[in-house]
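Predicted, not measured: the structure shown is a model, and the values here were computed from it. Side-chain atoms are counted along with the backbone in the values below, which use heavy atoms only and exclude waters and symmetry mates.
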Amino acid sequence: MTRVTSLPADDRTCGWFHLSKPRQAKPSHSGETKARWVVVGAGFTGLAAARQLALNFPDDEIVLIEAQEVGFGSSGRNAGFAIDLPHDIGAEDYIGEIETAKTTLKLNLTGQTILRSLVERHQIDCQLRASGKYQAAIEDRGIAVLDAYRRGLDKLGQPYEMIEGKDLPDHIGTPFYRKALFTPGTVLIQPAALVKGLADSLPANVTLYEHTAITDVEYGEKTVLTHRNGRITADKLLLTNNAFGMRFGFLQGTMLPIFTYASLTRELTETEQARLGGKSFWGVIPADPFGTTLRRTHDNRILVRNSFSFNPDGRSKQKYLDRFVNRHRKSFERRFPMLSGVEFEYTWGGSLALSRNHMGYFGQLAPNVYGALCCNGLGVTRGTATGTLLADWLAGQRNDLINFLLSSPGPNRNPPEPFLSIGVNLNLMWGQYRAGREG
């Protein structure tokens, strides 16, 4: 018997969740249920896996379990960038080995294509727009990153536009940045609205149980999942719960639950919109990975996301929200002095499952247990693609993307505690300090 020693517990102040259309959560599970397929984790990966299993095995019931409420967890808390391009921060030009980069691009585009198709087919109101993204820099180090990435994109044959600082206010309103690299392939979304819409459009042979936190697992010829109100027995189990996969006994000591934090303003008035200028809808990511991400949303709010914490138990901590909202305010005031005094309406945290070698896991974890875990901050596209492809692989399909994922070495092992926490926290502190004005 494996005891699940930590359960998801996110803060209740996520702006995306509260501003998206309310939905009626599905009932929690109770009693005894047996199913051929059980998927744990109803984020982008789990929703994709359950949907594709249902299509591949139309005569089977697929059980999908979510510990919290759909859209409330990490998939509904990101900045809403469905990114197409590879970005290998370990490579000099951020592209690296060209054939790997091409396959990564194809994998991300697969996730994008799946999401676009579902949004269109089911009329999911998630403000999906193919508006591209700006990668912006103010420090010399950031400018060097943009120049290196431009060379990598040339090698990969992908389009981009380099925009000088004097022209950026026409794009994003603020004159704060010295330069930005615009790439047209990114899709921007309201993530919680998208996740909710995906859950409410699942095939009829998927049964979703929300507010059903698994507390014990017994592995064997069949897997028995126990929670406080009952048990679910699975012929085959799929884990799509990112770093919480370690709590189920797999890949222990390999994934890092890193939280990042965001604040969202109230709606801008028409006068404030005029003072800001620029385009009405855009997204900015930082050249420095420890810098600030920005969004101008469909309803004319500004999102600011920066700051990180290492929460080994994968659970939210109020002390970080209280601390980092002040950093968000400083970042906002530096970039948007013309909007001084515009209040934040929401501040929240959301977890990423990272590995030190930037690799995820895809494949078989144990007899009749499978996983698509550790999206390394690309859960929107990568999670959608890997969840779908895991279900295809389990249906006996093979293609170049499945072969690519199966050949991955997976996340590498972390140092033991207390060295891990010391090292991760020092790295986060140093990275945020070194980011300077990018933060």
Side-chain angles (χ1 to χ4, degrees), residues 7-33 35 37-55 58 60-78 80 114-115 117-128 189-215 225 227-232 234 238 240-242 244 264 297-299 301 315-316 345-346 348-351 379-380 383-384 387:
L7 302 173
D10 288 298
D11 62 73
R12 307 199 66 82
T13 51
C14 176
W16 293 134
F17 182 81
H18 293 294
L19 292 171
S20 54
K21 182 179 178 181
R23 60 179 286 275
Q24 181 63 50
K26 300 296 184 182
S28 58
H29 178 265
S30 62
E32 298 272 346
T33 294
W37 304 97
V38 175
V39 182
V40 174
F44 284 110
T45 311
L47 288 164
R51 184 184 301 274
Q52 196 67 9
L53 283 173
L55 298 176
D60 292 347
E61 180 188 5
I62 289 82
V63 170
L64 175 60
I65 304 169
E66 171 56 37
Q68 302 185 104
E69 186 174 331
V70 167
F72 189 80
S74 58
S75 285
R77 292 171 175 266
N78 58 71
I114 292 169
L115 290 174
S117 174
L118 292 171
V119 167
E120 181 178 351
R121 184 187 316 157
H122 299 290
Q123 295 296 290
I124 299 173
D125 182 12
C126 62
Q127 296 87 53
L128 184 150
I189 57 167
Q190 210 279 32
L194 176 55
V195 177
K196 290 179 181 182
L198 293 172
D200 286 341
S201 60
L202 287 168
N205 56 328
V206 177
T207 301
L208 169 62
Y209 296 107
E210 298 179 65
H211 298 293
T212 302
I214 302 303
T215 57
L225 303 127
H227 58 90
R228 66 178 183 176
N229 293 320
R231 298 194 309 174
I232 302 170
L238 280 66
T240 56
N241 52 354
N242 263 336
F244 282 99
L264 191 63
T297 66
H298 72 289
D299 56 351
R301 300 170 185 263
R315 296 163 66 89
S316 178
E345 192 169 339
Y346 300 96
W348 68 92
S351 66
V380 179
T384 299

Counting N and O atoms only, with roles assigned by atom type, does the side chain of [X] sit under 3.5 Å from a partner on the main chain of [Y], one being a donor and the other an acceptor?
X: T240; Y: G41; result: yes
X: Q190; Y: A192; result: yes
X: N78; Y: P191; result: no
X: Q68; Y: D10; result: yes

Go through the structure and list residues passing side-chain hydrogen bond (donor to acceptor under 3.5 Å, both in side chains) with [X], not counting sequence neighbours.
X: D125; value: Q127
X: S28; value: none
X: S316; value: none
X: R121; value: S117

Could you list the residues that satisfy salt bridge (charged side-chain N to carboxylate O under 4.0 Å, His left out) with [X], not counting sequence neighbours?
X: D60; answer: R36
X: R231; answer: E32
X: E210; answer: R23
X: R315; answer: none

Is it true that E61 and T207 share a donor-acceptor pair across their side chains at a distance under 3.5 Å?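 Distance-only check passes for T207 and E61.
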Are [X] and [Y] packed together at the side-chain level, in the sense that at least one heavy-atom pair is separated by less than 4.5 angstrom?
X: W37; Y: N205; answer: no
X: L238; Y: L53; answer: yes
X: Y209; Y: K26; answer: no
X: F44; Y: L194; answer: yes

L208 side, atom CG; L202 side, atom CG - distance, nearest 0.5 Å: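 Rounded to the nearest 0.5 Å, the CG-CG separation comes out at 6.5 Å.
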Nearest heavy-atom neighbours spanning [X] and [Y]:
X: K196; Y: S20; value: NZ-OG, 2.8 Å
X: V70; Y: A42; value: CG2-CB, 4.0 Å
X: V195; Y: G76; value: CG2-N, 4.4 Å

Between W16 and R77, is a side-chain contact (heavy atoms from CB on, under 4.5 Å) present by the stated rule, with each step listed? CA-CA 7 Å; W16 293 134; R77 292 171 175 266; 5.6 Å; no
Once ring-ring contact (aromatic ring centres under 6.0 Å, His included) is applied, do any residues pair with H227, and if so which ones, sequence neighbours excluded?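 If we apply the ring-ring contact (aromatic ring centres under 6.0 Å, His included) test to H227, skipping adjacent residues, the hits are H29.
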ring-ring contact (aromatic ring centres under 6.0 Å, His included) partners of F72, counting only residues at least two apart: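 Residues passing ring-ring contact (aromatic ring centres under 6.0 Å, His included) with F72: F17.
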Please test L19 against L264 for side-chain contact (heavy atoms from CB on, under 4.5 Å), starting from the C-alpha separation and ending with a verdict. CA-CA 11 Å; L19 292 171; L264 191 63; 3.6 Å; yes
Please name all residues satisfying side chain to side chain contact (heavy atoms under 4.5 Å, CB included) with N242, sequence neighbours left out, ordered by chain then number.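 Here the qualifying residues are A353, C375.
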Side chain to side chain contact (heavy atoms under 4.5 Å, CB included) involving S201 - partner list, sequence neighbours excluded: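 Scan of S201 (side chain to side chain contact (heavy atoms under 4.5 Å, CB included), adjacent residues dropped) gives R51, H122, I124.
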Full working for side-chain contact (heavy atoms from CB on, under 4.5 Å) between I189 and L115: CA-CA 10 Å; I189 57 167; L115 290 174; 5.8 Å; no
